[in-house]
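As the structure lists them, so they are numbered: ligands from 1, and atoms in each ligand from 1. Bear in mind that the values here come from a model prediction, so they are computed numbers and not experimental data.
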Amino acid sequence: MRIAVLGLGTVGRHVVEALDSERELFRSRLGEELEVTRILVRDREKERPAGLDGRITYDPSAILADPSIEIVVELLGGLEPARTLIEQALRAGKSVVTANKEVIARSGPALSRSATPGADLLFEAAVAGGIPIIRSLQESLAGNRLEAIYGIVNGTTNYILSRMQQGGGGFADALDEARRLGYAEADPSDDLDAVDAVRKIAILASLAFGGWVDVDAVAKEGIRGITEDDMAEAKRLGGVIKLIARAEATQDGLSLGVSPTLIPLGHPLADVPGAQNAVYVRGEPIGELLFQGPGAGGPATSSAVIGDIIDAARSRRTGGRSVDLPREPAPLVPLGQHAHAYYLRLRLRNETGALALVAQAFASAGIGLSSVRQPMSASGESIVSLVTAPTRRGQLDEARLRLRRSPTLLAEESLILAELEPMDAPSAR
Ligand code: NAP
Ligand code: HSE
């Protein structure tokens, strides 16, 4: 069976290498050989690995118009031209395997509808790298009523936060290292500002709860503001800071968001190191499940891509696997409906009564404080870290506005969720 690979970067290189070197293994599993006959790239000046013997092309039509190619593996990244090439391949009756969460989150259902019967669209690698979470939600857990998903779904940010937590250097160094190791997106803002994690939780929630999630409606907060001071304070409070993507089924609809979150030590999501990902799923009748493993990088991602290629190849010979994607939009709960505890770190003018003013601003908004600490006070200014009692986001923003109007507040340094689950916990649907 002939395959074309679009893209020969971090992931594409590993996929082509594995398909070339493990031909015999895949033949024995499939009863037929998988052969990469074309590889699409863009940069004519770039040096390519040896052994690609004339398979490189710069022209997508050399792939799309070739009827002998049955599977197209899209590993370009970005919305366009990836989306158009996927659509053209599906319309031409080719099965498509992609790791592109941006394309799937934005256009998954429309693309799957554009496919000629017998052509599959598979995207296991789009969420959580090597962890088989897409197929688990689409197939193995299809008999459940799912209630909640909490995940560490971005390897780059988990790598940065884990390094900072271990005192292994500052933010910038950790980001450079994550880029060097091939974890980061072409534009790492997508990782740091939680854009990538939003795409992933939107895909997971769409598959788990039914209805397709609009990525633009998901609340998000990235990790740029997190400092080593926050890490030290989190440790003092008995936890660690992780970028958590949440999706909860409530009676009123789906509640979704991505934000840095204080996770208590001992919780399974607190112990996810480096670029690993983890996805916690709760539902009935299954109860609780935790998927954990390598979430980014060429080898982990190529494992999921190759699994999909083998699946696509099998289904082309047996008549198509065709798992439908939800068509209707998912009903989302307005942001801030649930109460959470929040951690804030504030920089105040170092003057008598400053702490009392902070407490007053929160009290006036009806918010109690469960912890207040003043870890540093130097000439002219002091740092105060506090944890609120469970409060709705609207109330919290009211207190923050009061503080901002007060000359006592010099800056709000950090704002993160201080617990995983909302206090008025959502009930099963
Ligand atoms: P990458 O290293 O930036 O590689 C991209 C490849 O695509 C390069 O070979 C590039 O060509 C080629 N390309 C890009 N635009 C093109 C165009 N318009 N025409 C022809 N070729 C083009 O990207 P990556 O890290 O492998 O990621 C690929 C996809 O997998 C993305 O969707 C990413 O989000 C996803 N993903 C990545 C990871 C990871 O850990 N890296 C994990 C899961 C999913 P040149 O070589 O000529 O520059
Ligand atoms: N940039 C992504 C991450 C790649 O760091 O998780 C895997 O999707």
Side-chain angles (χ1 to χ4, degrees), residues 4-17 38-49 52 56-64 72-86 96-106 123-131 133-134 151-162 174-175 177-201 203-204 222-223 243 245 258 272 274-279 293-305 308:
V5 178
L6 317 185
L8 194 65
T10 305
V11 183
R13 260 198 329 269
H14 277 89
V15 168
V16 171
E17 220 171 85
R38 286 277 182 210
I39 302 163
L40 179 76
V41 291
R42 175 175 47 185
D43 186 344
R44 290 171 192 263
E45 306 302 317
K46 224 183 239 181
E47 206 174 309
R48 304 293 171 185
L52 299 181
I56 293 281
T57 178
Y58 304 94
D59 175 13
S61 64
I63 292 164
L64 296 167
V72 170
V73 183
E74 185 279 309
L75 301 169
L76 304 172
L79 202 53
E80 291 294 353
R83 177 166 59 184
T84 302
L85 295 177
I86 291 174
V96 172
V97 171
T98 179
N100 194 323
K101 43 264 158 134
E102 185 172 0
V103 166
I104 294 301
R106 292 246 168 240
F123 49 91
E124 183 64 71
V127 182
I131 301 175
I133 186 66
I134 299 285
I152 292 172
V153 291
N154 184 270
T156 302
T157 46
N158 202 54
Y159 182 82
I160 294 171
L161 293 176
S162 302
L175 173 60
E177 190 63 7
R179 294 183 83 170
R180 193 185 64 73
L181 292 166
Y183 302 149
E185 292 301 302
D187 176 0
S189 303
D190 282 0
D191 299 295
L192 303 178
D193 298 329
V195 176
D196 178 74
V198 162
R199 291 174 184 143
K200 290 168 173 169
I201 194 68
I203 294 171
L204 294 185
I223 68 158
L243 185 69
V258 179
V272 178
Q276 284 205 7
N277 282 191
V279 183
T301 311
S302 71
S303 158
V305 170
D308 274 354

Open item on the list: Using a 4.0 Å cutoff against the non-hydrogen atoms of Pro81, which atoms of ligand 1 qualify?
Closed with: 18 (N)
TODO: Assess whether side chain to side chain donor-acceptor pair (under 3.5 Å) is satisfied between Asp59 and Thr57, documenting all intermediate values.
DONE: CA-CA 6 Å; Asp59 175 13; Thr57 178; 5.4 Å; no
Open item on the list: Quick test: of every protein heavy atom, which one is nearest to atom 9 (O) of ligand 1, and how far off is it to 0.1 Å?
Closed with: Leu8 N, 2.8 Å
TODO: With heavy atoms only and a cut-off of under 4.0 Å, state how Lys46 meets ligand 1: side chain, backbone, both or neither.
DONE: side chain
Open item on the list: Is there a polar contact, in the sense of an N or O pair closer than 3.5 Å, between Gly155 and ligand 2?
Closed with: yes
Open item on the list: Could you check whether any heavy atom of Gly129 sits closer than 4.0 Å to an atom of ligand 2, since that is the contact criterion I want to use?
Closed with: no
TODO: State the atoms of ligand 1, each with its element, that fall below the 4.0 Å cut-off from a heavy-atom position in Glu185.
DONE: 33 (C), 34 (O)
Task: Close-contact set for ligand 2 against Asp191 heavy atoms, below 4.0 Å - done: 1 (N), 2 (C), 3 (C), 5 (O)
- [ ] Pick one of side chain, backbone, both or neither for how Ala184 approaches ligand 2, counting any non-hydrogen atom pair under 4.0 Å.
- [x] backbone
- [ ] Around atom 4 (O) of ligand 1, find the nearest protein heavy atom and jot down its residue, atom name and distance.
- [x] Gly9 CA, 3.2 Å
Open item on the list: Is there a polar contact between ligand 1 and Gly297, counting only N or O atoms under 3.5 Å apart?
Closed with: yes
TODO: If you have a sec, work out which protein heavy atom is nearest atom 13 (N) of ligand 1 and how many Å separate them, to one decimal?
DONE: Leu76 CD2, 3.6 Å
Task: Protein contact of atom 28 (C) of ligand 1 - nearest heavy atom, named by residue and atom, plus distance - done: Leu75 O, 3.4 Å
- [ ] Tell me which part of Thr301 gets within contact of ligand 1: side chain, backbone, both or neither, using heavy atoms under 4.0 Å.
- [x] side chain
Open item on the list: Treating Thr156 as the side-chain partner and Tyr183 as the backbone partner, does any N or O pair qualify as donor plus acceptor under 3.5 Å?
Closed with: yes
Task: Non-hydrogen side-chain atoms of Leu52 and Leu8 separated by less than 4.5 Å - done: yes
- [ ] Would you check if Thr98 and Val73 make a side-chain contact, meaning some heavy-atom pair closer than 4.5 Å?
- [x] no
Task: Nearest neighbour in protein (non-hydrogen) for atom 32 (O) of ligand 1 - done: Gly77 CA, 3.2 Å
- [ ] Ignoring angles and geometry beyond distance, decide whether Ala296 reaches within less than 3.5 Å of ligand 1 through its nitrogen or oxygen atoms.
- [x] no
Open item on the list: With a heavy-atom distance limit of 4.0 Å, tell me whether Arg48 approaches ligand 1 through its side chain, its backbone, both, or neither.
Closed with: side chain
TODO: Taking all non-hydrogen atoms of both residues into account, name the closest pair between Glu74 and Ala82 and its distance.
DONE: OE2-CB, 3.5 Å
Task: Separation of Thr84 OG1 from Leu79 CG (nearest 0.5 Å) - done: 8.0 Å
Task: Test ring pair (Phe, Tyr, Trp, His ring centres under 6.0 Å) applied to Phe123 - qualifying residues, sequence neighbours left out - done: none
Task: Side chains of Leu85 and Val96 in contact at under 4.5 Å (non-hydrogen atoms) - done: no
Task: Identity and distance of the protein heavy atom lying nearest atom 37 (C) of ligand 1 - done: Val11 CG2, 3.6 Å
- [ ] Distance to 0.1 Å, residue and atom name: give those for the protein heavy atom nearest to atom 30 (O) of ligand 1.
- [x] Ala99 CB, 3.5 Å
Task: atom 8 (O) of ligand 2: the protein heavy-atom neighbour that sits closest, reported with distance to 0.1 Å - done: Lys101 NZ, 2.5 Å
Task: Close side-chain approach of Asn100 and Arg106, heavy atoms under 4.5 Å - done: no
Task: Donor-acceptor pair, side chain of Asn158 and main chain of Val153, under 3.5 angstrom - done: no
Open item on the list: With heavy-atom distances below 4.0 Å as the criterion, list the atoms of ligand 2 near Gly295.
Closed with: 7 (C)
TODO: Taking the side chain as every heavy atom from C-beta outward, state whether Pro188 and Leu175 have any atom pair closer than 4.5 Å.
DONE: yes
Task: Gly129 N/O to ligand 1 N/O under 3.5 Å - done: no
Task: Lys101 touching ligand 1 at heavy-atom level, < 4.0 angstrom - done: yes
Task: Residues forming a side chain to side chain donor-acceptor pair (under 3.5 Å) with Lys101, sequence neighbours excluded - done: Glu185, Asp196
TODO: With rounding to the nearest 0.5 Å, note down the distance linking OG1 in Thr301 to CG in Leu75.
DONE: 9.0 Å
Task: Geometric N/O contact Ala186 with ligand 1, under 3.5 angstrom - done: no
- [ ] Could you tell me whether the side chain of Leu6 reaches within less than 4.5 Å of the side chain of Val41, counting heavy atoms only?
- [x] no
TODO: Among Ile133, Asn154, Val279, find the residue that satisfies the side-chain contact (heavy atoms from CB on, under 4.5 Å) test when tested with Lys200.
DONE: Asn154
- [ ] Report, in ascending order of atom number, the atoms of ligand 2 lying under 4.0 Å from any heavy atom of Glu185.
- [x] 1 (N), 2 (C), 4 (C)
Open item on the list: Can you tell me how far apart CD1 (Ile223) and OG1 (Thr157) are? Round to the nearest 0.5 Å.
Closed with: 5.5 Å
TODO: Looking only at protein heavy atoms, identify the closest one to atom 5 (O) of ligand 2 and say how far it is in Å.
DONE: Thr156 OG1, 2.6 Å
- [ ] Please could you name the atoms of ligand 2 that Tyr183 approaches to less than 4.0 Å, counting only its heavy atoms?
- [x] 1 (N), 2 (C), 3 (C), 4 (C), 5 (O)
TODO: Using a strict cut-off of 4.0 Å, indicate which atoms of ligand 1 neighbour a heavy atom of Gly182.
DONE: 39 (C), 40 (O), 41 (N)
- [ ] List every atom of ligand 2 that sits less than 4.0 Å from any heavy atom of Lys200, numbering the atoms from 1 in the order shown and giving each element.
- [x] 2 (C), 3 (C), 6 (O), 7 (C), 8 (O)
Open item on the list: Within the 4.5 Å heavy-atom criterion, are Ile104 and Val127 side-chain neighbours or not?
Closed with: no
- [ ] List every atom of ligand 2 that sits less than 4.0 Å from any heavy atom of Asn154, numbering the atoms from 1 in the order shown and giving each element.
- [x] 2 (C), 3 (C), 5 (O), 6 (O)
TODO: Report the distance from atom OH of Tyr159 to atom CG of Leu181, rounding to the nearest 0.5 Å.
DONE: 5.0 Å
Task: Heavy-atom protein contact below 4.0 Å for atom 34 (O) of ligand 1 - done: yes
Open item on the list: To check your reading of the model: name the closest protein heavy atom to atom 19 (N) of ligand 1, its residue, and the distance in Å.
Closed with: Arg42 CB, 3.8 Å
Open item on the list: Heavy-atom distances under 4.0 Å decide this one: backbone, side chain, both or neither, for Ala125 against ligand 1?
Closed with: backbone
